[in-house]
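Working notes, beginning with the structure itself.
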Amino acid sequence: MYPDARCALNFRNPFELLIATMLAAQATDKSVNRVTPALFAKAPTPEAMLLLTQEELEDLIKSIGLYRNKGRNILAACRILVEKHGGQVPGYREGLEKLPGVGRKTANVVLAEAFQEPAIAVDTHVFRVSNRLGLAQAKDVVKTEQDLMNNIPRDLWAKAHHWLIFHGRQVCHARKPACGVCRLAECCREYTGLKRETGEETE
DNA sequence: AACTCGGGGCA
DNA sequence: TGCCCAGAGTT
């Protein structure tokens with residue numbers, strides 16, 4: 001297990017988790033954590049967020065990239081939270097996925113971490129690594145979610161999820177996986193397959 | 001399935 | 001420089 005195998009985003013409640021996860025799309029957790037303290041100080045609730053103009057919001061988050069989409073989506077999402085959910089973050093999939101800027105992955109993060117619902121969020125790392133290892137069967141993310149939930153004991157979901165992400169980032173890279181230092185190489189479907197093809201030469 | 005949004009981190 | 005970042009929405 002990697003030393004900091006826990007959620008790398010900083011948050012204190014479901015609302016902060018939702019916003020931080022929305023901001024994290026195609027951005028590093030580090031850059032998100034850099035902007036959230038100031039953001040949540042000004043806008044700790046959906047109601048407070050709506051007091052910001054889109055320009056003010058964009059200014060607070062622009063260092064993470066994709067800030068125009070994210071700013072617009074966050075304000076629209078907060079409007080829905082206030083008007084349809086009493087200012088609370090809904091704890092069910094349909095409510096979450098109807099929020100603009102919230103897709104399958106972000107909804108799963110909130111469901112699992114804020115509401116202890118059975119969900120594993122499959123991002124690019126989890127998808128790639130679990131399919132390479134053979135924990136899932138490379139169809140689509142929903143299939144991968146189900147494979148993971150079937151192949152991993154529930155009390156290990158969170159740890160396994162974080163492990164898959166960190167492993168993907170640090171070892172099992174998309175282009176050049178560091179199979180030489182991977183402790184799972186010998187039982188990795190991709191690695192052993194490659195080894196067969198190249199005639200036992202892989203390092 | 002492919003494309004767009006997009007500035008910053010890091011080698 | 002070039003590649004990548006705990007994706008989502010549209011065409």
Side-chain angles (χ1 to χ4, degrees), chain A residues 1-11 14 16-39 54-55 57-80 89-90 93-115 117 119-133 135-136 138-145 148-149 152 156-178 181:
Chain A
M1 192 66 59
Y2 293 110
D4 54 350
R6 57 183 170 74
C7 181
L9 294 173
N10 295 330
F11 64 93
E16 291 190 359
L17 173 61
L18 172 66
I19 300 300
T21 309
M22 290 175 73
L23 290 174
Q26 292 299 99
T28 60
D29 48 349
K30 206 167 171 183
S31 63
V32 171
N33 287 335
R34 199 173 54 227
V35 303
T36 46
L39 176 61
Q54 186 169 335
E55 194 174 52
L57 177 53
E58 285 177 1
D59 206 53
L60 285 166
I61 66 174
K62 71 178 162 196
S63 70
I64 68 176
L66 298 178
Y67 59 91
R68 281 193 282 264
N69 287 339
K70 289 174 181 177
R72 186 179 62 241
N73 286 338
I74 286 172
L75 288 180
C78 286
R79 207 164 292 126
I80 294 175
V89 176
R93 177 177 304 286
E94 303 75 45
L96 289 166
E97 290 191 2
K98 270 187 189 162
L99 301 173
V102 178
R104 178 99 194 169
K105 184 259 171 183
T106 301
N108 279 3
V109 169
V110 174
L111 287 172
E113 300 207 27
F115 296 101
E117 292 289 331
I120 296 182
V122 174
D123 55 47
T124 57
H125 294 305
V126 173
F127 186 77
R128 181 180 72 250
V129 177
S130 57
N131 282 309
R132 278 178 176 168
L133 286 174
L135 290 171
K139 302 286 190 210
D140 55 77
V141 291
V142 177
K143 183 76 165 64
T144 299
E145 280 175 22
L148 291 177
M149 290 191 288
I152 299 171
L156 295 179
W157 284 3
K159 281 185 183 176
H161 178 245
H162 299 316
W163 184 90
L164 286 167
I165 289 174
F166 278 95
H167 190 64
R169 285 167 61 169
Q170 300 176 12
V171 178
C172 195
H173 303 108
R175 299 286 177 77
K176 260 189 63 172
V181 299

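Chain letters run A, B, ... following the sequence lines, proteins first and then strands; every chain starts at 1.
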Checklist outcome for this item: Taking for G103(A) and for I64(A) the nucleotide of DNA chain C with the nearest heavy atom, the one nearer the 5' end belongs to I64(A)
Checklist entry - Under 4.0 angstrom, heavy atoms only, what part of the nucleic acid is H173(A) near: base, sugar-phosphate, or nothing? => result nothing
Checklist entry - Quick one: is H125(A) getting a side-chain N or O under 4.0 Å of the dC4(C) phosphate, OP1 or OP2? => result no
Next on the checklist: Distance check, C1' atoms only: dG8(B) and dG9(C), in whole angstrom units.
Outcome noted: 23 Å
Checklist entry - Tell me, which of residues 93-102 of chain A have any heavy atom that sits under 4.0 Å from an atom in DNA chain C? => result L99(A), P100(A), G101(A), V102(A)
Checklist entry - Could you give the CZ-to-P distance, from R169(A) to dA6(C), as a whole number of Å? => result 4 Å
Next on the checklist: At 4.0 Å (heavy atoms only), tell me whether N69(A) reaches a base, stays on the sugar-phosphate, or touches nothing.
Outcome noted: base
Checklist entry - Taking CD from E145(A) and P from dA6(C), how many angstroms apart are they, rounded to a whole number? => result 19 Å
Next on the checklist: Once you apply a heavy-atom cut-off of 4.0 Å, does R34(A) come out as touching a base, just sugar-phosphate, or nothing?
Outcome noted: sugar-phosphate
Checklist outcome for this item: Residue set satisfying side chain to side chain donor-acceptor pair (under 3.5 Å) with D140(A), at least two apart, ordered chain then number -> none
Item to check | Separation of dA6(C) C1' from N10(A) CG (nearest whole Å) | outcome: 14 Å
Next on the checklist: Quick check for you: to the nearest 0.5 Å, what is the distance between D59(A) atom CG and Y67(A) atom OH?
Outcome noted: 9.5 Å
Next on the checklist: What's K30(A) touching, base or sugar-phosphate or nothing? Going by heavy atoms closer than 4.0 Å.
Outcome noted: sugar-phosphate
Item to check | side chain to side chain contact (heavy atoms under 4.5 Å, CB included) assessment of R93(A) paired with R104(A) | outcome: CA-CA 8 Å; R93(A) 177 177 304 286; R104(A) 178 99 194 169; 3.6 Å; yes
Checklist outcome for this item: note: N73(A), atom CG; dT4(B), atom P; distance rounded to Å ~ 19 Å
Checklist outcome for this item: Those residues at least two apart in sequence (or on a different chain) that pass side chain to side chain donor-acceptor pair (under 3.5 Å) with T28(A) are S31(A)
Item to check | Most 5' of A27(A) and S31(A) on DNA chain B, judged by nearest nucleotide | outcome: A27(A)
Checklist outcome for this item: Out of dG7(C), dA6(C), dC3(C), minimum distance to the side chain of T106(A) belongs to dG7(C)
Checklist entry - Side chains of T21(A) and F11(A): closer than 4.5 Å at any heavy-atom pair? => result no
Next on the checklist: Just the rounded figure in Å: distance from C1' of dG7(B) to CD of Q26(A).
Outcome noted: 12 Å
Checklist entry - R68(A) has an atom CZ; how far is it from atom P of dT10(C), in whole Å? => result 17 Å
Item to check | Nucleotide dA6(C), atom C1' - distance to CZ of R104(A) in whole Å | outcome: 16 Å
Item to check | S63(A) side-chain proximity, nearest of dG7(C), dC4(C), dG8(B) | outcome: dG8(B)
Checklist entry - What distance, rounded to whole Å, do you find between the two P atoms, one in dT4(B) and one in dA6(C)? => result 23 Å
Next on the checklist: Is it the case that over 12 heavy atoms from other parts of the model lie below 6.0 angstrom from the NZ atom of K30(A)?
Outcome noted: no
Checklist entry - What does T21(A) touch in the nucleic acid at a heavy-atom separation under 4.0 angstrom: a base, only the sugar-phosphate, or nothing? => result nothing
Checklist entry - Is there a donor-acceptor contact under 3.5 Å from the side chain of H173(A) to the main chain of V171(A)? => result yes
Checklist entry - If we take the C1' atom in both dG6(B) and dC4(C), what is their distance in whole Å? => result 13 Å
Item to check | Check: W157(A) side chain, A119(A) main-chain N or O, donor-acceptor pair, under 3.5 Å | outcome: no
Next on the checklist: Without decimals, in angstroms, what is the distance between K70(A) NZ and dA6(C) P?
Outcome noted: 11 Å
